[in-house]
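What follows is a set of notes on a single structure, which appears directly below.
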There are 2 protein chains.
Amino acid sequence: MPFTYEYPRAALTVDCVVFGFDGEGLKLLLIERGLEPFKGRWALPGGFVRVDEELEHAARRELHEETGISEVVLEQFQAFGGINRDPRERVVSVAYFALTRLDDHRPQASTDARQAVWFNANELPKLAFDHQAIIQQALTHLRSRVRVEPIGFHLLPPKFTLTQLQGLYESVLGREVDIRNFRKRVLAMELVVALKKEFQRGRQRPAQLYRFDPKRYEQLKKSGFQFEL
Amino acid sequence: MPFTYEYPRAALTVDCVVFGFDGEGLKLLLIERGLEPFKGRWALPGGFVRVDEELEHAARRELHEETGISEVVLEQFQAFGGINRDPRERVVSVAYFALTRLDDHRPQASTDARQAVWFNANELPKLAFDHQAIIQQALTHLRSRVRVEPIGFHLLPPKFTLTQLQGLYESVLGREVDIRNFRKRVLAMELVVALKKEFQRGRQRPAQLYRFDPKRYEQLKKSGFQFEL
DNA sequence: TTGACTTACTGTCGTTTTCACAATATATAA
DNA sequence: TTATATATTGTGAAAACGACAGTAAGTCAA
């Protein structure tokens, strides 16, 4: 036990609220804790930040260790520092939200976690620590971000139909959207490009596939364009 | 030195980016550091979080100790955790921004700070640590918040003219605003009420004084109203 | 082959919002 | 009385918004 300080110190952790979308609704990735405290309870993936490690790196590392996910879009959104949020001792957690394409990540079990499972965002089990509150904040944050930045695309496959995009926005915002007006707005922004001769087939009329155009977005942003849906 | 841990720990601090407005432009409150490191350099008010202290409480305490300011609007906006942001050791800082009425706070010197002084937000001196970057983020954050929440009013005196309000928005957003359209929008929201027979006098036509109506705002918010300027 | 089914796709029109723009009003100061 | 400084107000054209429903293009099963 060689690390000694003049004053007591809080421990520092990161937690990740990982969002996914399966065409039906918004999903959240939770792990079942394999260790005390809250052993067996569902929780956000996360863990301690090493003393020589960047916060975002810690978030990526823990996410990878506990769920197998890597190369994901991460955004820090708030620090949680309530005095008794961890029963062991004072722990301050920096929370990130992650956006990922659901089916890139059939999650696997791992080190500290018994298993990692996707839950419907509005049917969550009882959670460890203050993770319920963290998720609440993450949802609020996501809802306000998704309308002014084109981050929703990270939740969809690289090629998607406008119907899928609309479904995503309806899930995140929690309300229905008029199909004609939605399509008009999306196409007017010219941020998505139709893929020639690529369609999603089913037992109905094939749907045009699109992809998001990040370069176009950078261009537009430079000339003062403001994303809005 | 009785506080010993199995692994090394980062220290935890808070920093406050305090905004003010004097009718001319946006101001920032900085302190001159009285201690090493960066002794004599300008810095954000802030300091260590006690192990049994809420983050926001620490922010308020440090702000009060170093500048005399209390009862201010505080909002957490980001944690800064760069590995070498403090030359002594690993320090993670949770940053807050504060909005205050400039002339309520003729700042005074104090404990750890030689002096506290208001600077023009766009003429800042060389700063300690990564405080330049923290301020940059705070400004970005303020600019996006001020358009969708009526927080700008905290920077004005309780009674203000529409011209003052407009000047504030022009300072924060960094661009000019059409006077007629601005006034129309503000008055249409019905969030400010004209004070009968109260005017600001000068060597010109007296200007109607208004006050912000927080109750009205709560009402409107409940019925789905969205502030926007 | 045909008809039923499923989902994709598209356009109009009235209303509202936005934006550009400048003249008059009311006080003080000389 | 006049000069000066700032406060205050309205209109019209263009663009954006929002409500609204019928046709298109495939699959599937009889």
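Values reported hereafter were calculated over all heavy atoms of this structure, with side chains retained and with hydrogens, waters and symmetry mates removed. A note on names: the letters A, B, ... follow the listed sequences, proteins ahead of strands, and every chain is numbered from 1.
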d([atom1], [X]; [atom2], [N]) in whole Å:
X: A:R180; N: D:dT23; atom1: CZ; atom2: P; value: 13 Å
X: A:L229; N: D:dG18; atom1: CG; atom2: P; value: 12 Å
X: B:K184; N: D:dG10; atom1: NZ; atom2: P; value: 10 Å
X: B:Q166; N: D:dA7; atom1: CD; atom2: P; value: 9 Å
X: B:Q200; N: D:dT6; atom1: CD; atom2: P; value: 12 Å
X: B:D178; N: D:dT8; atom1: CG; atom2: C1'; value: 13 Å
X: B:R185; N: D:dT9; atom1: CZ; atom2: P; value: 16 Å
X: A:F182; N: D:dA19; atom1: CZ; atom2: P; value: 16 Å

Boundaries of the chain A footprint along DNA chain C (any atom under 4.0 Å from a heavy atom):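 Listed 5' to 3', the contact boundaries are C:dT6 to C:dT12.
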Please work out if [X] contacts a base, only the sugar-phosphate, or nothing of the nucleic acid, heavy-atom cut-off 4.0 Å.
X: B:I179; answer: base
X: A:R201; answer: sugar-phosphate
X: A:T161; answer: nothing

So which one's nearest nucleotide on DNA chain D is more toward 5', A:P206 or B:L209?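 Mapping each residue to its closest nucleotide by heavy atoms, the 5'-most match is B:L209.
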side-chain contact (heavy atoms from CB on, under 4.5 Å), paired with B:L209, selected from B:T161, B:V192, B:L162: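 Among B:T161, B:V192, B:L162, the one meeting side-chain contact (heavy atoms from CB on, under 4.5 Å) with B:L209 is B:T161.
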When the nearest nucleotide of DNA chain C is assigned to A:L187 and to A:R203 on a heavy-atom basis, which residue is associated with the more 5' position?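 That would be A:R203.
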Pick the nucleotide of DNA chain C nearest each of A:N181 and A:Q204; which residue has the one closer to the 5' end?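 In this pair, the answer is A:Q204.
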Flag, side chain of [X] to backbone of [Y], donor-acceptor distance under 3.5 Å:
X: B:Q208; Y: B:L195; value: yes
X: A:D22; Y: A:G25; value: yes
X: A:Y169; Y: A:V146; value: yes
X: B:R101; Y: B:L155; value: no

For B:F80 and B:F129, I'd like to know if the aromatic rings sit close, meaning centre-to-centre distance below 6.0 Å.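 Ring centres of B:F129 and B:F80 not closer than 6.0 Å.
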Distance below 4.0 Å between B:R183 side-chain N/O and D:dT8 OP1 or OP2: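 Result: yes.
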Decide side chain to side chain contact (heavy atoms under 4.5 Å, CB included) for B:F227 and B:L229; before the verdict, give the C-alpha distance in whole Å, the side-chain angles of both, and the deciding distance to 0.1 Å. CA-CA 7 Å; B:F227 180 87; B:L229 268 183; 3.9 Å; yes
